[in-house]
Amino acid sequence: MVSVSAAQMVGAVEGDNPHLWFSSDARNAMAKELADTYSRIMPAQKKYFNNKLTAWNRREKKIEKDMKAFSDSHKNVSYAATEPVAYYLLSDMGSPTTRRRGICNRPARIPSQPPPIFRNFQELLEKHKVEVLINDTQSTSDATNTLTGIAYKSDVPVLDVSEQMPSDYTSLTSWIRALILSLTDMFDEQSDADDQDAQVPTARRKTRIP
């Protein structure tokens, strides 16, 4: 029996973020390792596996191009996350680990006196100290539902991300690319709205505030 490990490919150890399929480095390393491994096991099919790897790399190049376009247009993006599910993806898109992030511990319910981490998370959203909330749809609770509600009320965009690939996608690369393009659309729409507001006279803008 032959096995390959994504964690070993990128040097991840126990306790590190396990969502390695969101990492460009991990995906590329695994694709090459799988092609090489299958080629060793079935040498007569080596050309087939090399062609599969070439096709994979072509799709990854599109992803890298989309990520670069985002980071070029939207620098220093700050985000919060109910779970670090998309940690690697956001890092690849130009939001480094030093960027502000709020991580919710997901209590089963919100206590009458919420812990400091929850209050700090709430403040990040209400005071627009982050520009987007990443919501893990497979790890929900009263706390995460409350936080996404606060984000919507505070006009902070929310990107829903699952830990597993949704059934309506046929490949990992198509799913990852869709997430990148969704996030790009969110920021582009926000930029357009900000530009329109900036063109409205101050007195007129005030009349629009409830």
Anything under 3.5 Å between a donor and an acceptor, one on a side chain of residues 150-162, the other on a protein residue two or more places apart or in another chain? List them.
from, atom 1, to, atom 2, distance (Å)
S154, OG, I150, O, 2.8
D160, OD1, N135, ND2, 2.9
S162, OG, Q164, O, 2.6

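- Across every non-hydrogen atom of G94 and S71, the tightest pair is CA-CB, 4.4 Å.
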Check against side-chain contact (heavy atoms from CB on, under 4.5 Å), S78 and K129: CA-CA 8 Å; S78 57; K129 293 182 178 181; over 6 Å; no
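- When the side chains of ILVMFWY residues are joined at heavy-atom separations under 4.5 Å, either directly or via intervening members, V2 and M30 end up in a single hydrophobic cluster.
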Exercise answer: donor-acceptor pairs, residues 37-46 side-chain atoms, under 3.5 Å, sequence neighbours excluded:
from, atom 1, to, atom 2, distance (Å)
T37, OG1, E33, O, 2.7
T37, OG1, R40, NH2, 3.4
S39, OG, A35, O, 2.7

List the steps, then state whether side-chain contact (heavy atoms from CB on, under 4.5 Å) holds for T146 with F118. CA-CA 10 Å; T146 297; F118 185 90; 4.0 Å; yes
Passes side-chain contact (heavy atoms from CB on, under 4.5 Å), F187 versus V132? Steps please. CA-CA 9 Å; F187 276 81; V132 64; 4.1 Å; yes
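- Y88 and L181 sit in two unconnected hydrophobic clusters of ILVMFWY residues. Membership requires side-chain heavy atoms under 4.5 Å apart, directly or through other members.
- Side-chain atoms of N17 never come within 3.5 Å of backbone atoms of V85 as a donor-acceptor pair (strictly under, hydrogens ignored).
- Using bins of under 30°, 30° to 60° and over 60° for the plane-to-plane angle, the ring pair H19/W21 lands in the perpendicular bin.
- Residues E64 and K61 are in side-chain contact: their nearest non-hydrogen atoms beyond the backbone lie under 4.5 Å apart.
- Rounded to the nearest 0.5 angstrom, D188 CG and L183 CG are separated by 9.5 Å.
- Nearest heavy-atom pair across T170 and M165 is C-CE, 4.4 Å.
- Atom-to-atom distance recorded for F70:CZ and L90:CG is 7.5 Å, nearest 0.5 angstrom.
- Annotation: the span from T148 atom OG1 to D136 atom CG amounts to 12.0 Å, rounded to 0.5 Å.
- In this structure, K32 and W56 have side chains that are not in contact, with every pair of non-hydrogen atoms separated by 4.5 Å or more.
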Residues 171-178, side-chain donor-acceptor partners within the protein, below 3.5 Å, at least two apart:
from, atom 1, to, atom 2, distance (Å)
S171, OG, T173, OG1, 3.3
S171, OG, S174, N, 3.2
S171, OG, S174, OG, 3.0
T173, OG1, R59, NE, 3.0
S174, OG, S171, N, 3.4
S174, OG, S171, O, 2.8
R177, NE, D66, OD2, 2.5
R177, NH2, D66, OD2, 3.4

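- The NZ atom of K68 lies 13.5 Å from the CE atom of M93; values are rounded to the nearest 0.5 Å.
- For OH of Y48, the number of neighbouring non-hydrogen atoms (other residues, nucleotides, ligands) closer than 6.0 Å is 12 at most.
- Proximity of a side-chain donor or acceptor of S91 to a complementary backbone N or O of Y87 within less than 3.5 Å is not detected.
- Within the model, atoms CG of L89 and CD1 of I134 stand 8.0 Å from one another, a figure rounded to the nearest 0.5 Å.
- Inter-residue side-chain proximity for L179 and F22 is flagged as met; some heavy-atom pair is nearer than 4.5 Å.
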Let's go through Y79 and L133 carefully: what are the C-alpha distance in whole Å and the side-chain angles of both, what is the deciding distance for side-chain contact (heavy atoms from CB on, under 4.5 Å) to 0.1 Å, and is it a yes or a no? CA-CA 6 Å; Y79 71 97; L133 173 65; over 6 Å; no
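- Put simply, L53 and I63 are part of two different groups of oily side chains (I, L, V, M, F, W, Y) that touch within less than 4.5 Å, one to the next.
- No donor-acceptor distance shorter than 3.5 angstrom exists from the side chain of D16 to the backbone of A12, with no hydrogens or angles considered.
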